[in-house]
Amino acid sequence: MGLLSILKKVKEKEKEVRILILGLDNAGKTTILRRLTGDSIDTIEPTLGFNIKTLEHKGYQLNIWDVGGQKTIRAYWRNYFERTDGLIWVVDSADRARLQICREELNNLLGQEKLAGASLLIFANKQDVRGALGADEIAVVLGLDDTDLFKNRHVSIRGCSAVSGGGLAEGVDWMVDDISNRIFMLN
Amino acid sequence: MEHASKRMSIGPKDVLQLKRPTNGFLCSQSEDRHGIEFLRFSITDESNKRVFFAIDNESRLNDQMELDTESYSNDDCYRSIKYTFCADILHLPVVATHLTFKVGDQAINSFRMIERHYFQNKLIKNYDFSFGFCIPGSVNTWESIYDVPPLSENLIQQMIAHPYQIVSDTFYFVGDELIIHNKSKYRYDPQDVGLVVAEIGARRKQRRGSVIPQVELNFQKLRELSIMERGMSTDQISEDL
């Protein structure tokens with residue numbers, strides 16, 4: 001009862017799910033977003049702001065926010081945390097040189113109070129690129145075995161290729177199911 | 001004077017109560033101090049990505065658009081546009097609208113759009129979307145994909161028979177302050193409907209049998225792609241699910 005049940009009612013009425021896609025620049029966030037609805041991925045420019053996609057899926061209205069990952073823009077990420085139900089962290093699995101920065105930025109996000117309740121999906125993207133690390137290797141680099149950092153959080157890490165589309169649907173399905181189990185079915 | 005304009009200021013709550021198109025505009029054209037620039041807008045049939053309408057800031061007006069100089073003899077005609085759409089658009093089961101906009105060199109904390117559509121002065125649709133924070137100097141896109149409930153053939157014929165009686169007011173707010181107000185009037189051109197309408201009708205019939213929305217079909221396609229990648233058969237996966 002109490003606040004939780006009120007929250008539940010509000011959410012049920014709207015059936016709105018807010019998903020935030022973040023990651024370093026060139027990780028493939030916009031390509032993933034466009035791939036989800038079969039849009040062309042031929043001409044994608046670096047995102048200097050946000051791309052929002054609103055769509056209906058499994059009876060929910062998904063509002064998916066892809067915010068640019070360039071260093072100068074990262075400082076603005078916090079403006080998009082509010083009311084986020086799910087965070088998708090996209091990793092360029094072939095960009096070995098920046099995996100450490102990638103880990104640090106993700107760690108920063110995990111410490112953010114406003115994202116504390118969000119389901120976390122990590123896409124080890126670019127599995128189609130030669131030399132890319134696999135999802136389990138990315139998991140080690142990002143420190144997923146660090147129980148303190150990922151404690152009490154629903155996490156799934158999956159390999160994917162935004163270019164071929166492989167792995168995307170399963171990932172997003174996991175996220176939507178996890179969010180709906182957590183938020184809409186609570187009783 | 002300043003006091004008076006403050007008292008007059010229009011908020012989201014005010015426009016959500018409107019029951020018919022406004023007479024004239026609820027803010028002046030100079031109200032936008034945030035340098036918001038609309039760069040591109042398009043309407044697409046989501047199921048086959050056919051573009052029904054597209055406008056960008058370089059072409060300004062295309063042959064589907066006309067300034068409403070009949071209603072507004074002054075500069076206001078630039079924010080009241082008459083559109084002509086192919087009547088097919090009234091039959092589409094899934095529509096995608098795509099908007100690209102740029103903001104000036106100041107951050108915007110809470111940006112919101114409300115658009116109300118009327119047919120013969122009755123409210124038929126209300127869109128309300130909060131963009132929230134906009135990064136200074138950013139270029140942003142918003143794509144909205146939505147299922148359209150089937151309109152009755154009678155209503156569609158009515159809409160075609162009464163050009164420009166579908167009217168919309170689009171309001172943009174920063175915080176609680178109205179900064180942009182645009183008007184649109186629509187006319188549906190019944191030419192060249194034949195084939196496409198038949199095709200859409202067939203698609204709709206197909207869809208009626210299933211509850212799977214169009215977007216999920218795309219997900220299905222993705223799933224098949226990824227299955228092929230892993231060298232598995234679709235049967236295997238459906239057992240997994």
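Letters A, B, ... are given to chains in the order of the sequence lines, protein chains preceding strands, and every chain is numbered from 1.
- Heavy atoms of B:Phe129 lying under 4.5 Å from chain A belong exclusively to its side chain.
- The number of heavy atoms from other shown groups lying within 6.0 Å of OH (B:Tyr78) does not exceed 12.
- More than 12 heavy atoms of other residues, nucleotides or ligands sit less than 6.0 Å from atom CD of A:Glu104.
- Rounded to the nearest 0.5 angstrom, B:Ser144 OG and A:Gln61 CD are separated by 7.0 Å.
- The CZ atom of B:Phe131 sits 11.0 Å away from the CG atom of A:Asn63 when rounded to the nearest 0.5 Å.
- Listed options A:Ala75, A:Gly68, A:Gly49 were ranked by heavy-atom pairs under 4.5 angstrom with chain B; first place goes to A:Gly49.
- No more than 12 heavy atoms of other residues, nucleotides or ligands sit less than 6.0 Å from atom CZ of A:Arg78.
- At a 4.5 Å heavy-atom cutoff, the contact between A:Asp39 and chain B is made by backbone and side-chain atoms alike.
- Other residues, nucleotides and ligands contribute at most 12 non-hydrogen atoms within 6.0 Å of the CZ atom of B:Arg40.
- For B:Asp176, the CG atom counts as loosely surrounded, since its 6.0 Å shell holds 12 or fewer non-hydrogen atoms of other residues, nucleotides or ligands.
- Residues that satisfy the side chain to side chain contact (heavy atoms under 4.5 Å, CB included) test with A:Leu48, not counting sequence neighbours, are A:Gln70, A:Ile73.
- Of the listed residues (A:Asp66, A:Ile52, A:Thr47, A:Asn51), just one forms a side chain to side chain contact (heavy atoms under 4.5 Å, CB included) with B:Thr141, and that residue is A:Asn51.
- For B:Thr97, no part lies near chain A; criterion is any non-hydrogen pair under 4.5 Å.
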Handout entry: Working for side-chain contact (heavy atoms from CB on, under 4.5 Å), residues B:Ile145 and A:Thr37
Key = CA-CA 9 Å; B:Ile145 304 169; A:Thr37 48; 3.5 Å; yes

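- Relative orientation of the B:Phe133 and A:Tyr80 rings is perpendicular, given thresholds of 30° and 60° on the angle between their planes.
- A:Phe50 touches chain B through backbone and side chain together, each having a heavy atom under 4.5 Å away.
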